Each structure stands twice: as C-alpha cells, then as structure tokens.
S.K.: 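The following block contains the structure, expressed as structure tokens.
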Amino acid sequence: MTFVVTDACIRCKYADCVEVCPTGAFREGAAMLVIDPSDCIDCNLCLPECPADAILPDIEPESAQWIALNAKYAAEWPSITVKKDPPADADAFKGVEGKFDRHFTPEPGVGD
Ligand code: SF4
Ligand code: F3S
C-alpha cells in the first residue's frame with residue numbers, strides 16, 4: 001500500500017503534509033503535490049494534516065485514478081520537504097470539484 005495525493009490538492013498546495021513525512025516522499029508540481037510510491041512507508045502521518053483532505057490510502061476506491069499520476073510525476077517533479085506559503089487564492093479552490101480538468105498542469109514546481 002501507499003498513499004496518494006488527489007485532485008483536491010490542485011491550486012491549494014497547503015504543504016502541511018511535507019513537514020510530517022519521515023521519508024521526504026512528496027514531490028512538487030506547479031499545481032499540486034504527489035507522493036513517490038517508492039518512498040512512502042504508509043505511516044499515515046500526512047493524511048490528517050491536509051486541510052483539503054487531498055491525501056488518501058491507495059486502497060480507497062476513489063484513489064484508483066490517482067495512483068498512476070502520483071507515480072508518473074513523482075519521477076519528474078522536484079522534492080519538497082519544507083513547507084512554503086500556499087498560493088494566495090488557495091482557499092478559493094478548497095473543495096472545488098473538477099479541478100483536474102481545468103487546473104492541472106504537468107509543469108514541475110520549484111521544490112525545496
Ligand atoms: Fe510520507 Fe507517511 Fe504520508 Fe507516506 S504516508 S507520504 S511516508 S507521511
Ligand atoms: Fe496538497 Fe494537502 Fe499537502 S493541499 S500540498 S496534499 S497539505
């Protein structure tokens with residue numbers, strides 16, 4: 001099992017999750033974070049930290065479509081282990097449906 005970041009993270013990027021991860025498993029895209037499945041040790045520390053409820057165990061049915069996305073971009077995006085300020089309009093995107101189609105980008109983030 002691993003944990004995955006879902007589209008609820010898109011344009012929120014609160015980054016509380018990265019501070020608690022003991023293995024540095026998070027990677028930063030321009031619009032969202034993902035978890036590298038080869039680094040995640042299933043500790044469950046990140047899940048309750050996310051204000052957007054964007055993190056799920058991969059055994060949840062709604063995780064299925066995000067497993068491949070996390071693995072793909074974890075190999076392309078830079079590591080993030082230190083929390084940074086979220087986008088100024090992050091709260092406006094919290095809980096918004098359909099963010100992947102409108103706001104996802106494969107562009108990498110800045111990382112640490
Ligand atoms: Fe990191 Fe644990 Fe979350 Fe996996 S479950 S990403 S190891 S904090
Ligand atoms: Fe995203 Fe939640 Fe982390 S919004 S950056 S998964 S704290």
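Because only heavy atoms are used, hydrogens play no part in the values below, and waters and symmetry mates are left out as well, while side chains stay in. None of these values were measured; they are calculated from a predicted model. Every number for a ligand or one of its atoms is a count from 1 in the order of the listing.
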S.K.: May I ask you to identify, for Ile55, whether its side chain, its backbone, both or neither come under 4.0 Å of ligand 1 on a heavy-atom basis?
M.R.: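 The answer is neither; Ile55 stays 4.0 Å or more away.
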S.K.: Looking only at protein heavy atoms, identify the closest one to atom 5 (S) of ligand 2 and say how far it is in Å.
M.R.: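 Minimum-distance protein heavy atom for atom 5 (S) of ligand 2 reads Ala15 N, 3.2 Å.
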S.K.: How far is atom 3 (Fe) of ligand 1 from its nearest protein heavy atom, and which residue and atom is that?
M.R.: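 Minimum-distance protein heavy atom for atom 3 (Fe) of ligand 1 reads Cys46 SG, 2.3 Å.
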S.K.: Identify, by atom number and element, the atoms of ligand 1 in contact range of Cys43, meaning under 4.0 Å from any of its heavy atoms.
M.R.: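 Contacts of ligand 1 toward Cys43, numbered from 1: 2 (Fe), 5 (S), 7 (S), 8 (S).
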S.K.: So if I count the atoms of ligand 1 from 1 in the order they appear, which ones are less than 4.0 Å from some heavy atom of Cys21?
M.R.: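 Selected atoms, number and element: 1 (Fe), 6 (S), 7 (S), 8 (S).
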S.K.: I'd like to know if Asp7 pairs up with Lys99 as an ion pair, taking the criterion as any Lys NZ or Arg NE/NH1/NH2 lying under 4.0 Å from an Asp or Glu carboxylate oxygen.
M.R.: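 Result for this pair is no, no salt bridge flagged.
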S.K.: Got an N, O or S from Cys40 under 2.8 Å of atom 4 (Fe) of ligand 1?
M.R.: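 Checking atom 4 (Fe) of ligand 1 against Cys40, an N, O or S atom does fall under 2.8 Å.
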S.K.: Side chains of Arg102 and Phe104: closer than 4.5 Å at any heavy-atom pair?
M.R.: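 Side-chain contact under 4.5 Å: no.
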S.K.: Does atom CD of Glu97 have more than 12 heavy-atom neighbours from other groups under 6.0 Å away?
M.R.: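 No.
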S.K.: Among all protein heavy atoms in this structure, tell me which lies nearest to atom 3 (Fe) of ligand 2, with the distance rounded to 0.1 Å.
M.R.: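 Of every protein heavy atom, Cys17 SG, 2.3 Å lies nearest to atom 3 (Fe) of ligand 2.
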S.K.: Can you list the ligand 2 atoms lying under 4.0 Å from a non-hydrogen atom of Tyr14?
M.R.: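 Close to Tyr14: 4 (S), 5 (S).
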S.K.: Can you report which non-hydrogen protein atom sits closest to atom 2 (Fe) of ligand 2, along with the distance?
M.R.: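 Residue, atom and distance for the closest contact: Cys50 SG, 2.3 Å.
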S.K.: Report, in ascending order of atom number, the atoms of ligand 1 lying under 4.0 Å from any heavy atom of Phe3.
M.R.: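 Those qualifying, in numeric order: 5 (S).
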S.K.: List ligand 1 atoms under 4.0 Å from Ile41, heavy atoms only on the residue side.
M.R.: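 What qualifies from ligand 1 is 4 (Fe), 7 (S).
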S.K.: Heavy-atom contacts with Thr23 under 4.0 Å: which atoms of ligand 1 show up? List them by number with element.
M.R.: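 So the answer, numbered in order with elements, is 7 (S).
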S.K.: Given 3.5 Å as the limit, does a donor-acceptor pair link the side chain of Trp77 with the main chain of Lys72, or not?
M.R.: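 Absent.
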S.K.: For the residue pair Leu45 and Pro22, what are the closest heavy atoms and their distance?
M.R.: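 For Leu45 versus Pro22, the nearest heavy atoms are CD1-CD, 4.2 Å.
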S.K.: Of the protein's non-hydrogen atoms, which lies at the shortest distance from atom 1 (Fe) of ligand 2, and what is that distance?
M.R.: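 Scanning the protein heavy atoms, the shortest distance from atom 1 (Fe) of ligand 2 goes to Cys9 SG, 2.4 Å.
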S.K.: Atoms of ligand 1 less than 4.0 Å from Asn44 heavy atoms?
M.R.: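 Listed by number with element: 2 (Fe), 5 (S).
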S.K.: Would you mind listing which atoms of ligand 2 come within a distance below 4.0 Å of any non-hydrogen atom of Ile55?
M.R.: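 Per the distance check, 6 (S).
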